[in-house]
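Worksheet: the structure to be examined is printed underneath.
First the proteins, then the strands, lettered A, B, ... as listed; each starts at 1.
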Amino acid sequence: MSTDVRVRIAPSPTGNLHVGTARTALYNYLYAKRYGGTYILRLEDTDEERSNENYTRDIVDGLRWLGLNWDEGLEVGGPYPPYRQTEKIDHYSTMANQLIAKGKAYLCYATQEELATLKEEQKASNSAPRYDNRGRELSEVQRKHYQDEGRIPSVRFLVDEPQVVSWHDQIKGEIAIDTSDLGGDMVIVKSNGVAIYNFAVVIDDVDMKMSHVIRGEDHIHNTAKQLLIYEALEHKAPQFGHAPLIFDLERQKLSKRKHGEAVHIDHYRILGYMPEAIVNYLGQMSWTHPEGKEIYDLEEAAALFDLDKVSKSPAVFDLARLNWFNSQYLRNLPLDTIVERAQPYLTTYDTSRYTKAELTQMVASVREGLTTLAEIGPALSFYLSSQLDVNDELKASVLDSENAHKVLSGLLSTLASLPWGDHQGCKKAVDGLGKELALKGKELYWPVRAALSGKTQGPDLGAMISILGAERVKSRLESALNH
RNA sequence: GGCGCUAUCUUCUAGUGGUUAGGAAGCCGGUUUUUCACACCGGAGACACGGGUUCAAUUCCCGUUAGCGCUACCA
């Protein structure tokens with residue numbers, strides 16, 4: 001009985017693309033690919049107050065940037081539109097009315113104030129906050145009375161208590177929750193006529209024929225509620241899998257409120273992290289490659305992913321580890337890719353003066369030492385800046401000695417014979433000069449480094465010379481001698 | 001308060017009824033290098049606690065503790 005795998009990521013546009021959402025999207029994506037299924041993006045925008053089109057844009061762009069492209073849904077279309085909940089408000093109402101007709105739901109006339117009072121009383125008596133189901137048995141007279149008062153009802157779903165709702169969670173195993181702990185009859189349609197999350201989700205998952213629901217474990221209690229709705233709808237529920245949450249270093253759920261931009265995927269893009277690294281990092285937080293491999297791409301993960309290998313316990317978001325992944329991709333991705341991705345970080349320089357080949361050589365000479373794309377700018381600064389500033393301290397300690405002058409002027413006079421374009425050759429030329437002058441090590445190399453790059457550390461010296469080229473090497477040597 | 005989930009080095013994790021409890025990041029030391037980085041080698045570093053079950057428990061069961069999550073006419 002192999003039903004078609006259909007999974008979804010269903011973000012709410014009440015904030016930018018969140019790290020946790022990206023992780024959930026990733027697991028859904030991988031699961032769909034693993035089983036040849038369909039991965040769907042749908043927007044849960046029923047909270048009209050907080051939803052914002054800019055957030056939708058950020059989420060859509062972010063998911064695409066990560067490479068988590070969906071087969072069906074928002075901006076892509078598919079057989080079960082619409083993929084925005086606000087476009088099917090009437091449908092949810094219709095479904096709610098069907099439940100009312102079946103006696104599974106009813107109109108509740110309680111006001112916000114009344115509910116708030118109830119809650120306060122419960123809090124005062126130290127009992128669990130819940131709706132007291134007062135609207136279940138309203139008489140026609142009472143109903144009429146409330147209507148005449150101008151009260152606008154919400155729709156509440158009737159929760160039978162006590163009753164145990166249980167399911168086999170594909171990640172957590174058996175989970176059982178008593179309906180008595182669910183807070184009483186729940187609102188499914190707000191008095192403004194808009195369905196509430198727990199109801200709209202179920203309707204959509206039914207409409208869109210979802211086979212599996214993979215989401216964060218903060219939804220476990222929602223799953224119990226939703227299972228009751230599936231039952232009332234007389235519809236088979238999908239399989240559920242609740243992934244562990246992502247924590248911060250203090251072991252708290254990663255949240256926009258507490259962490260601000262640090263939970264925003266695009267923030268990492270701006271900082272110079274690459275999608276491959278982020279996806280790889282996010283993936284391995286709670287899922288381990290069967291062979292223990294650390295570095296793998298989406299395709300490889302998709303071939304191996306499964307929910308029973310997903311950890312049950314939460315993972316801490318550790319930037320040091322993300323850094324490591326990013327640095328791995330920075331030195332292993334094709335050089336052309338890195339050069340292209342470095343462009344946004346080089347806008348302070350006039351790179352049009354250099355050919356693509358030259359820029360590529362520059363990037364190649366520095367990328368081993370970097371962790372983010374953003375560091376490429378500073379690392380290439382000495383290549384790209386028209387003027388090189390050598391600080392006084394360095395001048396005094398490295399450039400001012402007699403030997404330093406010998407090295408620099410010696411190199412200056414051999415410039416014409418340097419094998420430009422041949423990194424190793426240039427390095428050999430410097431070594432040859434060293435032999436002549438009976439100098440080596442720091443005494444030989446540091447003056448050249450300082451004169452050419454303003455630093456005593458950096459890429460291979462031969463590469464530096466060769467890439468800078470005769471003209472710039474000449475002028476920098478001269479200004480180092482004459483400072 | 002109620003309910004739920006979780007518990008292996010600092011962090012992410014592997015793993016098994018009998019293992020010197022493995023790997024990765026970070027940290028420390030070394031090799032290499034003109035330097036930084038990379039790479040390589042090495043080091044420190046963990047089964048929360050208490051009961052069971054068992055010849056034997058990190059592993060299975062129960063409890064405790066702790067952490068986290070959920071408890072809206074938010075999603």
Handout entry: Length of the line joining A:H289:NE2 and B:G22:P, which is rounded to integer Å
Key = 22 Å

Practice task
Taking atom P in both B:A14 and B:C9, compute the distance separating them and give it to the nearest angstrom.
Solution key: 12 Å

Practice task
Would you classify A:N222 as touching base, sugar-phosphate or nothing, given that sugar-phosphate means primed atoms plus P, OP1 and OP2, and contacts are heavy atoms under 4.0 Å?
Solution key: base

Exercise for the section: Check every strand shown and say whether A:R251 touches a base, only sugar-phosphate, or nothing at a heavy-atom separation below 4.0 Å. Expected result: sugar-phosphate

Exercise for the section: Would you kindly check whether a donor in the side chain of A:R321 faces an acceptor in the base of B:A24, or vice versa, at under 3.5 angstrom? Expected result: yes

Practice task
Compare the minimum distances between each of B:G69, B:C73, B:A75 and the side chain of A:R50, then state the nucleotide with the smallest one.
Solution key: B:A75

Practice task
Remember a base hit wins even if backbone is also touched, and classify A:D45 as base, sugar-phosphate or nothing at under 4.0 Å, heavy atoms.
Solution key: nothing

Completion exercise
Looking only at B:C12, B:U6, B:C70, the nucleotide nearest the A:K172 side chain is B:U6

Exercise for the section: Please state whether the base of B:C73 and the side chain of A:S191 form at least one donor-acceptor pair under 3.5 Å? Expected result: yes

Exercise for the section: Scan A:G183 against the nucleic acid and name what it touches under 4.0 Å (heavy atoms): base, sugar-phosphate only, or nothing. Expected result: nothing

Practice task
Quick one: label A:A176 by what it contacts on the DNA or RNA (base, sugar-phosphate, nothing), any heavy atom closer than 4.0 Å.
Solution key: sugar-phosphate

Exercise for the section: Select base, sugar-phosphate, or nothing to describe what A:L461 touches, counting heavy atoms under 4.0 Å on all strands. Expected result: base

Handout entry: Identity of whatever pairs with B:G17 - Watson-Crick or G-U, under 3.5 angstrom
Key = none

Practice task
Can you tell me the distance, in whole Å, between the CZ atom of A:F317 and the C1' atom of B:U10?
Solution key: 17 Å

Practice task
Give one of base, sugar-phosphate or nothing for A:S125, where a contact means two heavy atoms less than 4.0 Å apart.
Solution key: nothing

Handout entry: Whole-Å gap separating P (B:G26) and CZ (A:F325)
Key = 11 Å

Exercise for the section: Could you tell me whether the phosphate oxygens of B:U13, OP1 or OP2, come under 4.0 Å of any side-chain nitrogen or oxygen in A:S286? Expected result: yes

Practice task
With the side chain of A:R449 defined as its heavy atoms from C-beta on, choose the nearest nucleotide among B:U35, B:C73, B:C3.
Solution key: B:U35

Handout entry: Basic-acidic side-chain contact under 4.0 Å: A:R8, A:D204
Key = no

Fill in the blank from the handout: Walking RNA chain B from its 5' end, the first of A:E368 and A:H219 to be reached, judged by nearest nucleotide, is A:E368

Practice task
Provide the distance between the two P atoms, one in B:U59 and one in B:C47, to the nearest whole Å.
Solution key: 12 Å

Exercise for the section: Considering only atom P, compute the distance from B:A46 to B:U58 and round it to an integer number of Å. Expected result: 15 Å

Exercise for the section: Could you verify whether a donor N or O on one side chain and an acceptor N or O on the other, from A:S401 and A:N403, lie under 3.5 Å apart? Expected result: no

Exercise for the section: Rounded off to whole Å, could you give me the NE2-to-P distance for the A:H221 and B:C74 pair? Expected result: 19 Å

Exercise for the section: Ignoring hydrogens and angles, state whether a donor on the side chain of A:E294 or A:H289 is under 3.5 Å from an acceptor on the partner side chain. Expected result: no

Exercise for the section: With P as the reference atom in both, quote the distance from B:G50 to B:C12 in angstrom, rounded to an integer. Expected result: 24 Å

Practice task
Please determine, for the side chain of A:K119, which listed nucleotide (B:G26, B:G2, B:A72) has the closest atom?
Solution key: B:A72

Problem - A:Q252 side chain near B:C68 phosphate (N/O to OP1/OP2, under 4.0 Å) - result: yes

Exercise for the section: Return the 5'-most residue of the pair A:F247, A:S154 with respect to RNA chain B, ranking by each residue's nearest nucleotide. Expected result: A:F247

Practice task
Pick base, sugar-phosphate or nothing for A:K123, based on heavy-atom distances below 4.0 Å to the nucleic acid.
Solution key: nothing

Completion exercise
In this structure, CG of A:L411 is separated from CG of A:L437 (nearest 0.5 Å) by 10.0 Å

Practice task
Whole angstrom is fine here: how far is it from OH in A:Y197 over to P in B:C74?
Solution key: 14 Å

Problem - Any side-chain donor near an acceptor of the partner, A:D169 and A:W167, under 3.5 Å - result: yes

Problem - OP1 or OP2 of B:U71 under 4.0 Å from side-chain N/O of A:K225 - result: no

Exercise for the section: For B:A14, take OP1 and OP2 only and decide whether either is under 4.0 Å from a side-chain N or O of A:K309. Expected result: no

Exercise for the section: Could you measure between the two C1' atoms, the one in B:G23 and the one in B:U19, and give it in whole Å? Expected result: 15 Å

Problem - Parallel, tilted or perpendicular, as decided by the 30° and 60° cut-offs, for the rings of A:Y296 and A:W287 - result: perpendicular

Handout entry: Complementary nucleotide for B:U58 - Watson-Crick or wobble, under 3.5 Å
Key = none

Handout entry: A:K312 side-chain N/O to B:C5 phosphate OP1/OP2 under 4.0 Å
Key = no

Fill in the blank from the handout: Atom CG of A:D185 and atom P of B:A72 are separated, to the nearest Å, by 14 Å

Practice task
Tell me the partner of B:A39, counting only Watson-Crick (N1-N3 plus N6-O4 or O6-N4) or G-U wobble (N1-O2 and O6-N3) with both under 3.5 Å; none if nothing fits.
Solution key: B:U31

Problem - Pairing partner (Watson-Crick or G-U wobble, both distances under 3.5 angstrom) of B:C68 - result: B:G4

Exercise for the section: Please check if the side chain of A:Y92 supplies one atom and the backbone of A:V189 the other of a donor-acceptor pair under 3.5 Å. Expected result: no

Practice task
Between B:G30 and B:A37, how far apart are the P atoms? Round to whole Å, please.
Solution key: 13 Å

Exercise for the section: Taking atom P in both B:A48 and B:A57, compute the distance separating them and give it to the nearest angstrom. Expected result: 16 Å

Handout entry: Contact under 4.0 Å: A:T288 side-chain N or O vs B:C12 OP1/OP2
Key = no

Handout entry: Below 4.0 Å: OP1/OP2 of B:C70 and any side-chain N or O of A:R215
Key = no

Exercise for the section: Please work out if A:L322 contacts a base, only the sugar-phosphate, or nothing of the nucleic acid, heavy-atom cut-off 4.0 Å. Expected result: nothing

Exercise for the section: Would you indicate which nucleotide in B:A24, B:G1, B:C74 comes nearest to any side-chain atom of A:E294? Expected result: B:A24

Exercise for the section: For B:C73, take OP1 and OP2 only and decide whether either is under 4.0 Å from a side-chain N or O of A:R156. Expected result: yes

Problem - Polar side-chain contact A:R331-B:C38 base: donor and acceptor under 3.5 Å - result: no

Fill in the blank from the handout: Atom CD of A:E174 and atom C1' of B:C61 are separated, to the nearest Å, by 17 Å

Practice task
May I ask you to check whether A:Y273 and A:T371 show a side-chain donor-acceptor distance below 3.5 Å?
Solution key: no

Completion exercise
To the nearest angstrom, the CD-P distance between A:E113 and B:C73 comes to 13 Å

Exercise for the section: Would you indicate what A:T456 reaches in the nucleic acid, counting non-hydrogen atoms under 4.0 angstrom: base, sugar-phosphate, or nothing? Expected result: base

Problem - Electrostatic pair A:K253:A:D248 at N-O distance under 4.0 angstrom - result: no

Exercise for the section: Between B:C70, B:C5, B:C73, spot the one nearest the side chain of A:K190, thanks. Expected result: B:C73

Practice task
Look at all strands and tell whether A:R130 reaches a base, only sugar-phosphate, or nothing, counting heavy atoms closer than 4.0 Å.
Solution key: nothing

Practice task
Can you figure out which of B:C3, B:C12, B:A75 approaches the side chain of A:N198 most closely?
Solution key: B:A75

Exercise for the section: For nucleotides B:G63 and B:A7, find the distance between their P atoms and express it as a whole number of Å. Expected result: 16 Å

Handout entry: Quiz item: cation-pi between A:R321 and A:Y281, 6.0 Å / 45°
Key = no

